[in-house]
Structure formats: C-alpha cells, structure tokens
Amino acid sequence: MATESRGTEGGARPKVTITAIAQEAGVSVPTVSRVVNGRSDVSPETRARVEDLLRLHGYRRRQSAPGDRAALLDLVFNDLDSPWAVEIIRGVEDVAHQDGVGTVVSAIHGRAGSARQWLKNLRARASDGVILVTSVLEPVVHEELRRLNVPIVVVDPAGSPALEAPTVGATNWAGGMAATEHLLSLGHRRIGLIAGPPRLLCSRARLDGHRAALEAAGVPFDPALVAQGDFYHESGFHGCTQLMDADAPPTAVFASSDQMALGAIEALRRRGLRVPEDVSIVGFDDLPEVRWSAPPLTTVRQPLSDMGRLAARTVLRQARGEEIESPRVELATQLVVRSSTAPPAVA
C-alpha cells in the first residue's frame, strides 16, 4: 500500500498519508486503500469523494498487482472455547466467503496485553472491518479503534457500546420469558434460574424476562432460587447443585445457556434424579449438540449463525461506504420444546 505522493513535475510534494485522506473524506483507512488499489467494492459517491481528494493532494496510485493485500475482516472474541463462538464464526464465514473476503479470528481473553497485541496486528494488516463479539475492551483500545476509523459492528454487546457502533443481538428478554412461561404452563411453580454473568446485557435481559413471566403468572420471584453461573458447563453443575440443596428445591430449572443446562443435567444425574421425571430443564442457545443430549434439551433458539451473517453484511456495507439499515438489530429467539421438560411429579 502506497503511503505518500510525489509530484510529477518539479520537486516532491509534501507527503500525504492514506490516514489523512481518510480523515478528510470522513471514511475509513481501508476504504481509501480500496480506492487507491482500484477495487470495485466502494460506493460511487464515496469513490468520487476520495478520488477528488487524492487528485487534490497529488496522490499517485500504484498499479494493482497479484501481491496486493486481500480484503480482510477481523472477528474478535473474548474466548473461543465454546460451541457458541463456532456458530458465530460459521455465519460470518458464510458472508465473507461469498464476498471474497478473508476472516481473521482472534481471542483476547479479557487481558490488556492480548487486546494491545491484537490492535498492533490490526494496524499491520489494515483490515476492512472489525466484528467484536461480547468483547469488553479497555478505554485505550476503544480510543485507538476510533482513531483508526475502521468500520466496527458489535455482536451481543456486553453493555452500552462505547464505540457508537452498530450492534447485532437477539431478543434475550423475550427468550427468557418464553422459557419460564413454558415451565409455568406445565404446572411448575418453583422454578430455579442459573443466571449468566451479570456484567453482560444478555444475562440481565434473560433474568428480567424470567422475572416478568413469574410476575405475570402471579408467582413471587424468590432470589433463593437464583444461582450465579458464567455460561459454561461447570457453573451449571455447581449452580444446579446449589439449587437442589435448598430446603425447598425447584421442580424445574431454567439455565441461561445450553452449556449450563448440560452441566445441570449432569448434577441431577449424580444425585440420582431423572430429567424430566424429577426435574425439568430448559436451556438457551440451541447449540447443535443439545439435540443429542440425554434427554434432548428443551431450549430457546438464539439465531447465532444469522447474527454472524448480519454482522458481516453490516460491516462490509460500512466498509463500502454504504448506508446501513439500522444501527441496532435484535433477531428473534424461539422456544424449541424437546424431551427435557414435563409436568412436575406428583408428591
């Protein structure tokens, strides 16, 4: 990628960087790079604005060559040790492959050093866009992303997006309500909840949906029937153990993720309790593996692959300088009833 221009007559003109052109044009650095390298994936209006500035500053294009940088998207997770992440990647890859765009997948593990290293790598490869998935980044990283002016989309935001970026999520509140309404419709009244990390918006929304369903049915919300989890199997196991150790244990448990639901089923199995004959279990996500659990899991389907596809389409539209349809999108969740739920056993 060329980073300076020189006059064709007389002496050299002052250097002008692609970053300066991007700031003046109000577009991202990758957008200017695409115009410079003669790529077609830029809207006509944006191309004309950038080309006017390139001419004004005497920026000399280089001829595109076989070795030119390929189009890239950065897909960033806190961690990659979950089937949930695989479904997001699948959706992003579907769109990226169709558009001839490569995908760089990174995990920053919530550590400052990892985030800074990723940022250094991002600058070096000049990605066309970034998709952040439930990523909590420190302020200095947010500031650098703003400075780079790279298109960003946030999937399942952890909190209010600090980058003023478009977001893609799911109807977590409605999903939490549907899960609890299903258990109530079967006759359950003591319903335990294994909640997700409270710092995440999706966790709080599922909890709020659960409470709303109880209140609508006239069932008091009991904080003693809430165990704290982190979306992973082990916390589901321990959370369910905590709930079943209560003086009046629940007859059903809503786990805020499928992985926690599977951990809960194992905890019940080790206590000699059957699902759903003794305790009903509902999960959240509808990961591929839960169709084959014993028993197959009733869960709330979260359209993870669709969320990845929409995020990829949105960030690529931004990269081309096109308008996006909406800055905030929530895709619908859906209750999927299988064999892990049944009416409560008669005492």
Side-chain angles (χ1 to χ4, degrees), residues 77-78 82-92 94-95 131-136 153-161 165-186 191 193-217 219 221 226 229-231 252-261 281-288 290-291 297-315 324-338 340-341:
F77 294 84
N78 272 336
S82 167
W84 184 92
V86 174
E87 294 303 304
I88 296 285
I89 294 170
R90 192 192 314 278
V92 171
D94 282 349
V95 172
I131 300 172
L132 298 171
V133 184
T134 57
S135 297
V136 181
V153 172
V154 180
V155 175
D156 218 0
S160 299
T167 63
V168 175
T171 54
N172 290 289
W173 185 90
M177 189 170 191
T180 303
E181 284 180 335
H182 170 65
L183 294 171
L184 289 165
S185 73
L186 292 172
I191 301 172
L193 172 70
I194 306 175
R199 66 181 177 82
L200 299 181
L201 279 178
C202 61
S203 300
R204 300 197 296 273
R206 293 170 199 178
L207 169 61
D208 289 344
H210 167 74
R211 291 188 64 159
L214 292 175
E215 291 168 4
V219 177
F221 174 75
V226 178
D230 61 9
F231 287 157
V253 174
F254 167 35
S256 294
S257 77
D258 284 349
Q259 288 182 283
M260 292 197 301
I281 298 287
V282 178
F284 200 110
D285 286 330
D286 196 27
L287 299 174
V290 304
R291 302 170 196 175
L297 184 68
T298 294
T299 188
V300 176
R301 177 177 295 155
Q302 185 174 197
L304 297 169
S305 293
D306 289 342
M307 289 160 63
R309 291 185 191 96
L310 180 57
R313 285 196 295 268
T314 301
V315 80
I324 61 173
E325 295 178 4
S326 174
R328 304 283 182 269
V329 178
E330 287 189 344
L331 301 184
T333 52
Q334 178 186 1
L335 180 71
V336 180
V337 179
R338 297 194 180 98
S340 67
T341 51

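Values below: all heavy atoms of this structure, side chains included; hydrogens, waters and symmetry mates excluded.
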> Can you tell if the side chain of R338 reaches within under 4.5 Å of the side chain of V290, non-hydrogen atoms only?
yes
> So, using salt bridge (Lys or Arg N to Asp or Glu O under 4.0 Å) as the criterion, who are the partners of D94 when residues are at least two apart?
R309
> Which pair of non-hydrogen atoms, one from A255 and one from M260, has the smallest distance, and what is that distance?
CB-C, 3.9 Å
> Quick one: CG on L335 to OG on S185, what's the gap to the nearest 0.5 Å?
8.5 Å
> Just jot down the side chain to side chain contact (heavy atoms under 4.5 Å, CB included) partners of A217, sequence neighbours excluded, or say none.
L184, V219
> Quick one: list whatever passes salt bridge (Lys or Arg N to Asp or Glu O under 4.0 Å) with E181, sequence neighbours left out.
none
> Would you name the heavy atoms of A212 and W173 that are closest together and state the gap between them?
CB-CZ2, 3.5 Å
> I'd like to check the side-chain hydrogen bond (donor to acceptor under 3.5 Å, both in side chains) partners of S203; sequence neighbours left out, ordered by chain and number.
none
> Over 60° means perpendicular and under 30° means parallel, so classify the ring planes of H210 and F254, tilted if in between.
tilted
> Going by the rule side chain to side chain contact (heavy atoms under 4.5 Å, CB included), which residues pair with A311 if we only count those two or more places apart in sequence or in a different chain?
I131, V153, V155, V168
> Under 3.5 Å, is there a donor-acceptor pair linking the side chains of T298 and H182?
no
> Heavy atoms only: give me the nearest F284-G176 pair and the separation to one decimal.
CE1-N, 3.8 Å
> Do L201 and R204 touch side chain to side chain, with heavy atoms closer than 4.5 Å?
yes
> State which residues pass side-chain hydrogen bond (donor to acceptor under 3.5 Å, both in side chains) with S257; sequence neighbours excluded, sorted by chain then number.
none
> Do the non-hydrogen side-chain atoms of L214 and R211 ever get within less than 4.5 Å of each other?
no
> Not counting sequence neighbours, which residues clear side chain to side chain contact (heavy atoms under 4.5 Å, CB included) with P83? List them please.
Q259, L287, E289
> Taking side-chain hydrogen bond (donor to acceptor under 3.5 Å, both in side chains) as the definition, give me every residue that meets it alongside S340, ordered by chain and number, with sequence neighbours left out.
none
> Who pairs with R301 by side-chain hydrogen bond (donor to acceptor under 3.5 Å, both in side chains), at least two apart in sequence or on another chain?
D286
> For D230, check salt bridge (Lys or Arg N to Asp or Glu O under 4.0 Å) against everything at least two apart and list the hits.
none
